[in-house]
Amino acid sequence: MCGIVAAAARREVSEILLEGLRRLEYRGYDSAGMALINDQNVLQIHKRNGKVKELEAAQAQEPFYGNTGIAHTRWATHGKPSTENAHPHASGGRVALVHNGIIENHAELRAELIAAGYEMSSATDTEVIAHLLHLSLQKGASLRAAMQNTIARLEGAYALAAIDIESPHTVVGARKGSPLVVGVGIGENFLASDQMALRQVTDSFIYLEEGDLVEISPASIQICTIDGEAIERPTTRIKEALETSDMGDFDHYMIKEIFEQPVALEATLAGAANVEQVEECFGHGASAMFDRVTNVQIVACGTSYHAGMVARYWLEELAGISCEVEVASEFRYRKRVQHEGTLLVAISQSGETADTLAALRNATEGEFIGSLVVANVDNSSLVRECDLVFLTRAGAEIGVASTKAFTTQLVAMLMLTLALGRRRGMTDERQSEIIEALENLPHYVRQTLELNGAIQKLSEAFIPKRHALFLGRGIQYPIAMEGALKLKEISYIHAEAYPAGELKHGPLALVDDDMPVVAVAPNDELLEKLKSNLEEVRSRGGELFVFADREAGFANEDRVQVLPMPHCPEVIKPIVYTVALQLLSYHVALQKGTDVDKPRNLAKSVTVE
Ligand code: F6R
């Protein structure tokens with residue numbers, strides 16, 4: 001959600017900043033901007049509404065250069081997407097600043113600055129920070145001291161990077177509530193909201209902690225508290241290969257990532273050949289903590305929340321352990337009563353989602369016996385702050401709609417079910433069955449991917465539609481929810497999911513011959529009940545699209561199209577069926593001509609409340 005890149009180097013940095021923005025663009029793409037201090041110590045700024053390519057065009061048309069600079073790609077919060085509201089925001093022709101997060105007391109600061117003679121040229125909450133910095137600099141403070149003075153006035157969340165023409169070789173940054181990393185170079189240093197932006201120039205990073213302030217120059221990195229007390233933070237060397245792969249032979253990241261799932265699942269499962277090894281995936285101390293767990297509380301948002309909902313079925317049914325699942329943005333603001341022995345489990349692809357992070361931080365002393373995060377990004381805030389970590393090995397997910405991160409999260413949660421289940425009487429036979437099903441999962445996902453052509457054909461029926469219903473029963477209900485979320489976010493078709501048994505309690509009123517109804521129908525014990533629910537739809541003229549186990553006894557007939565799914569072990573069906581629904585959304589969106597990888601109004605990592 002918004003991206004920051006900054007550089008203090010001895011070489012020209014405009015291309016480094018633009019490349020950083022390209023790598024971050026999936027996090028926010030309403031508008032973009034860049035500010036550089038040139039060799040005459042003059043501040044130059046390009047800002048453009050729209051995607052990073054608009055900024056590149058501006059730079060190509062009127063190039064400017066410098067060794068010190070900041071850049072930003074925006075996902076609008078305060079103020080609509082526009083050139084005026086794009087970052088960097090400047091003040092007095094001397095200072096420029098980029099910001100991720102939300103400043104809650106901006107209105108009060110704005111009034112104060114206007115009274116002090118500042119003119120506002122945007123509707124953002126960020127502009128006030130630039131003027132506060134300027135005000136402090138004008139009173140003689142150094143850039144670092146001005147940043148200290150400024151953040152002392154801010155309420156809310158921020159990651160910041162600022163430059164000042166009076167300190168032309170320095171960038172100052174600060175973090176509270178939004179991530180910021182230092183990229184450590186040789187004779188040059190960088191800042192970014194995500195290390196991925198800087199993998200082109202360095203593999204060494206310092207992860208700033210909450211409340212840290214940093215000053216970088218080509219030769220130095222100084223980190224301190226808001227009070228100016230120096231702090232040391234470790235440097236981490238990233239080992240894996242460059243993460244931003246290109247799209248290869250695919251037209252979009254989303255479809256590439258859907259097809260990467262067998263490999264992502266294999267990587268996530270690697271080394272978990274038996275239950276003891278499964279436990280090792282949760283890190284040091286997991287075994288002792290799992291011994292004490294009697295309840296699980298899951299918090300997550302969006303697609304990750306759906307992973308939590310699936311996990312509840314597994315944890316309660318297979319492991320016999322009680323489990324609550326809640327959307328993090330609700331959990332954090334609710335007065336709660338926890339049972340003793342509850343493990344807090346956060347699920348987050350990015351590890352940076354503000355609401356999930358806040359839910360973790362808002363847990364009171366003694367409320368939980370410990371915390372566990374399932375995340376796809378190492379060194380992310382949740383990974384650093386939780387007691388136990390399960391890292392899914394999905395690889396970088398660039399498409400805004402989560403696909404491979406979700407299915408690997410489900411694997412992680414099934415592995416947690418195994419680890420907790422064996423402590424609560426899960427038989428050896430059951431454990432082996434689950435492990436075997438997991439081992440075969442990539443195979444069933446590959447079989448599902450072979451249905452791509454058939455799903456594309458089926459998707460054509462959705463093109464003229466404005467609404468769709470998704471139905472599931474039991475553990476497939478959250479999968480229906482995930483299918484509906486995927487369809488609405490990338491094709492903009494309004495889609496809702498219901499447990500099929502709820503249909504007659506209201507949503508059936510919506511069913512007519514213009515309402516496609518997607519049903520997730522594996523061959524489980526609820527099948528017969530689901531079949532009756534589907535009859536309720538058919539008899540009202542609804543058009544059914546049934547994703548059914550090929551042994552479930554469904555056949556194509558008038559207004560019923562069946563997609564025969566691989567016959568696979570019950571326990572992994574939620575994962576296998578998800579893949580088919582991802583393909584459905586992708587093909588609908590593709591034919592509707594929407595921006596599949598960057599759907600409107602959304603961002604990959606939601607680091608604001
Ligand atoms: C939807 C999607 C979002 C995220 C949600 C949480 O396709 O990707 O709903 O799942 O914003 O993000 P993470 O998992 O990073 O916490």
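For the single chain, residues carry numbers from 1 onward in sequence order. As the structure lists them, so they are numbered: ligands from 1, and atoms in each ligand from 1.
- A salt bridge does not link R446 to E450: none of the charged side-chain nitrogens sits closer than 4.0 Å to a carboxylate oxygen.
- Between atom 14 (O) of ligand 1 and the options P599, S304, A401, the minimum heavy-atom separation is to S304.
- Close contacts of ligand 1 with E489, meaning ligand atoms under 4.0 Å from a residue heavy atom, involve 1 (C), 7 (O).
- Every heavy atom of E352 sits 4.0 Å or more from the atoms of ligand 1.
- Ligand 1 places these atoms under 4.0 Å from at least one heavy atom of Q349: 13 (P), 14 (O), 15 (O), 16 (O).
- Look at E397 and K404 and you find no salt bridge, because none of the NZ, NE, NH1 or NH2 atoms lies under 4.0 Å from a carboxylate O.
- Taking a cutoff of 4.0 Å between a charged side-chain nitrogen and a carboxylate oxygen, E209 and R384 qualify as a salt bridge.
- Note on K51 versus E54: no salt bridge recorded, every NZ/NE/NH1/NH2 to OD/OE distance being 4.0 Å or above.
- Residue N376 places no heavy atom under 4.0 Å from ligand 1.
- Looking at T353, T303, L485, I347, it is T353 that brings a heavy atom closest to atom 16 (O) of ligand 1.
- The shortest N/O to N/O separation between S350 and ligand 1 falls below 3.5 Å.
- Relative orientation of the H494 and H467 rings is perpendicular, given thresholds of 30° and 60° on the angle between their planes.
- Within ligand 1, counting atoms from 1 as listed, the ones closer than 4.0 Å to a heavy atom of K486 are 1 (C), 7 (O).
- T403 and Q582 are not linked by any side-chain donor-acceptor pair at a separation below 3.5 angstrom, with hydrogens and angles left out of the test.
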